[in-house]
Structures are given as structure tokens and as C-alpha cells.
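Let me begin by presenting the structure, written as C-alpha cells, before commenting on it.
First listed ligand is number 1; within each ligand, the first listed atom is number 1.
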Amino acid sequence: MSKRHPVVAVTGSSGAGTSTVKRAFEHIFAREGITPAVVEGDSYHRYERMPMKQAMADALARGENFSHFGPEANLFDKLEELFRSYGETGAGQKRYYLHSAEEAAEHNARLGVDLGPGQFTPWEDIPAGTDLLFYEGLHGGVKGDGYDVASLADLLVGVVPITNLEWIQKIHRDNAERGYSAEAIVDTILRRMPDYINHICPQFGETDINFQRVPTVDTSNPFICRNIPTPDESFVIIHFRKGAREKWGIDFNYLLNMIHDSFMSSPTSIVVNGGKMGFAMELILTPIIHRMIEEKKNLG
Ligand SMILES: Nc1ncnc2c1ncn2[C@@H]1O[C@H](COP(=O)(O)OP(=O)(O)OP(=O)(O)O)[C@@H](O)[C@H]1O
Ligand SMILES: O=C(CO)[C@H](O)[C@H](O)COP(=O)(O)O
């Protein structure tokens, strides 16, 4: 935890919507004149795409569980080191995992290299003078044998649609943007299930705030759903961890007054219409980020 170099992490499974939430944070940073050091969680995978396929086949042959959700396929020690070193000094290293030809072209042009989809860019120093570290990915709140990333985040936000919706979102996104077949995506979801339960779900007990999208249309068979339920076809449950409300000065009455049709579903949860998710995020997160930066400035 660091007041001088705060670490903000958005954590969620593949397809949960963390990239979408990242955009809400980018609006806040732009409006508040904040320069973040942005880090993508997938860059902490251990293997490039081809070696990952080989490692997966080897693990399968040995009858072992292995997936992008678990510790064997990721560099949790390196991620922990980044959160720690940024918190202490405002410095650290980052890289990118290139999912597509478009992403590869963008970074090839920037770095003058010739990489392809499924490869990492070389590690590079985070630019000096950033205001905070912003992590978005699968593992911002992991904690286990020999690693504890969660405790190094100053603000940890979970993005967690109910599972059926998360799968629908993943199937659509991986198909439309990454070119995978529906069958291949369902195989991936199945293979990752033990690691989902052991390494993704526990993170949402560590988060300060969780945003859980719940559809109001029938998604009982997510594998035949043709469309992602729209924001208007969903509610978002916003849950504050015990202590987070006091820590960040969250005023439920203010939120209930400001967000039309919102209501409390428990002493620590507020429910908003899906279309109000971005607005609710900005209302809740802007004062938190603002306060972080004020406290940083007060240190001189
Ligand atoms: N609140 C939302 N309302 C409607 N659609 C959404 C919402 N959040 C995410 N989606 C859709 O779900 C899909 C997955 O979202 P996104 O790419 O943000 O996931 P992700 O968590 O970043 O996944 P990954 O970590 O695998 O990159 C996208 O097609 C996106 O448009
Ligand atoms: O969404 C993911 C994790 O968040 C991807 O599955 C992971 O990054 C690997 O990608 P690919 O299988 O396309 O190489």
C-alpha cells in the first residue's frame, strides 16, 4: 500500500468486462488530469501462445490441471514485484501480450520490431513521473502459497457478471474479435473451471468494491444465446467490502439520490439499472481517485 505511488487494480475473469471498465477509469483519469501507468494482466502470462499450447498438451498427458487462470501459467511473483516496486518507487517494468494482428501491428510500429499475435513485446520501463499504477486483468487480487498481490493494491475493484453472462460475453468477444470457434471457446471455459474456482473466485473476497452485472433476460442456456444482454436488460449490484465504505467515505444516501431508480439490496450493496453502470462507477470512483491524488500531493 502506498500513498506516494498508489496502485489501482481492476480484476475479473476473461470476458467479465474489465477492458470495458478500464475505459470508465480512463475517462476519470483524463478528467482529473491524472497520468496513469497502465498495465495489462495478460502480459503476466508465463508463456507465449505456441509454448502455452505445448505446456498444456504436456500437462494434459500427465493428467494435470493447467490453464491461464492458474499460477503455473502466470508470473504471479513478477506481478507482485511490480505492485511492490511501483508502490515503493513509482517504477517498474511492463510488456504486452499481443492477442491479434491489429495489436501486433500497433506495437511493432511503436517499437520497431516484428512480432506476431500470441507473442510478448519486450519488457520496458514504465515511464517516469506517472501518478498511479493502473492494472486491469485476471489476477489483481490473487493471493496464495508464496504470493500476495491483493494486499499491495490500494484500491481493488472486482468486475464479476454472473457466470452465464460472463460466458456469453466471452463467447461473443473471442469469436468476434479473436476468431475462435464457439466450440473452442467452450472447451477453454471447461478446461479452466478448476482454476476459475481456486484462483479467480477467491479474489472477489479481497476486493474493496465489486460490480456484478445480472441479466434480466433469460440466459439459462448461455451457449445458445445469440446476443449479449444489453445494459438495459441488466442490473448491476455494487457491493462494498466491510470497511471499504468507511475507508473511502462512501455515502449511500448520496448515491441513492443521484442514481435514478437505484436501491439498497443489503446493508452493503446498492443496485442500479445496467444502463447506469458507467455513471455509478464515475460517481463512486472519481472521489476515491481524487482523494488518492490529493494525499499523494500532500506528501510533497
Ligand atoms: N456492461 C456491459 N454491457 C454490455 N456488454 C458488455 C459489458 N461489459 C462487457 N461487455 C461485453 O463483453 C465482452 C467482453 O468484455 P471485455 O473485453 O471488456 O472483457 P475482459 O474482461 O476485458 O476480457 P479479457 O480479460 O479476456 O480481455 C465485450 O464484447 C464487451 O462489449
Ligand atoms: O482472455 C484471455 C485471458 O484473459 C486469453 O485466453 C489469454 O490471454 C490467452 O489468449 P490466446 O489463447 O488468444 O493466446
Can you tell if the side chain of R213 reaches within under 4.5 Å of the side chain of L165, non-hydrogen atoms only?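 Yes - at least one pair of side-chain heavy atoms lies under 4.5 Å apart.
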Are any of the side-chain nitrogens in K143 or E206 under 4.0 Å away from the carboxylate oxygens of its partner?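 Yes, this pair counts.
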Is E166 salt-bridged to K170, going by a charged N under 4.0 Å from an acidic O? no
What residue and atom, counting heavy atoms only, is the protein's closest point to atom 28 (C) of ligand 1, and at what distance? R173 CG, 4.0 Å
Where is the nearest protein heavy atom to atom 7 (C) of ligand 1: which residue, which atom, and how far? Q169 OE1, 3.7 Å
Taking the six-membered ring for Trp, are F29 and F134 parallel (under 30°), tilted (30 to 60°) or perpendicular (over 60°)? perpendicular
Measuring from non-hydrogen atoms of Q119 to any atom of ligand 2, is the shortest distance under 4.0 Å?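 Outside the 4.0 Å threshold, so no.
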Contact between ligand 2 and H45 is defined here as a heavy atom of the residue under 4.0 Å from a ligand atom; is it met? yes
Modelled atom types, side-chain donor and acceptor of [X] and [Y], under 3.5 Å:
X	Y	answer
D195	N65	yes
T121	Y97	no
N74	H45	yes

Is the shortest distance from a heavy atom of R178 to ligand 1 less than 4.0 Å? yes
Test of proximity, [X] against ligand 1: N or O pairs below 3.5 Å:
X	result
I228	no
G17	yes
S19	yes
G15	yes

Within 4.0 Å of atom 31 (O) of ligand 1 (strictly less), any protein heavy atom?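 Within 4.0 Å: no protein heavy atom nearby.
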Which ligand 2 atoms, with their elements, are less than 4.0 angstrom from a heavy-atom of [X]?
X	answer
Y180	11 (P), 12 (O), 13 (O), 14 (O)
R178	1 (O), 2 (C), 5 (C)
R49	11 (P), 13 (O), 14 (O)

Do R192 and F69 meet the cation-pi criteria used here (NZ or CZ under 6.0 Å from the six-membered ring centre, within 45° of the axis)? yes
R192 contact mode with ligand 2 (heavy-atom cut-off under 4.0 Å):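 R192 to ligand 2: side-chain contact only, backbone stays beyond 4.0 Å.
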Have a look at ligand 2 and work out which part of L138, if any, has a heavy atom under 4.0 Å from it: side chain, backbone, both or neither. side chain
Ring center gap for F240 and W248 short of 6.0 angstrom: no
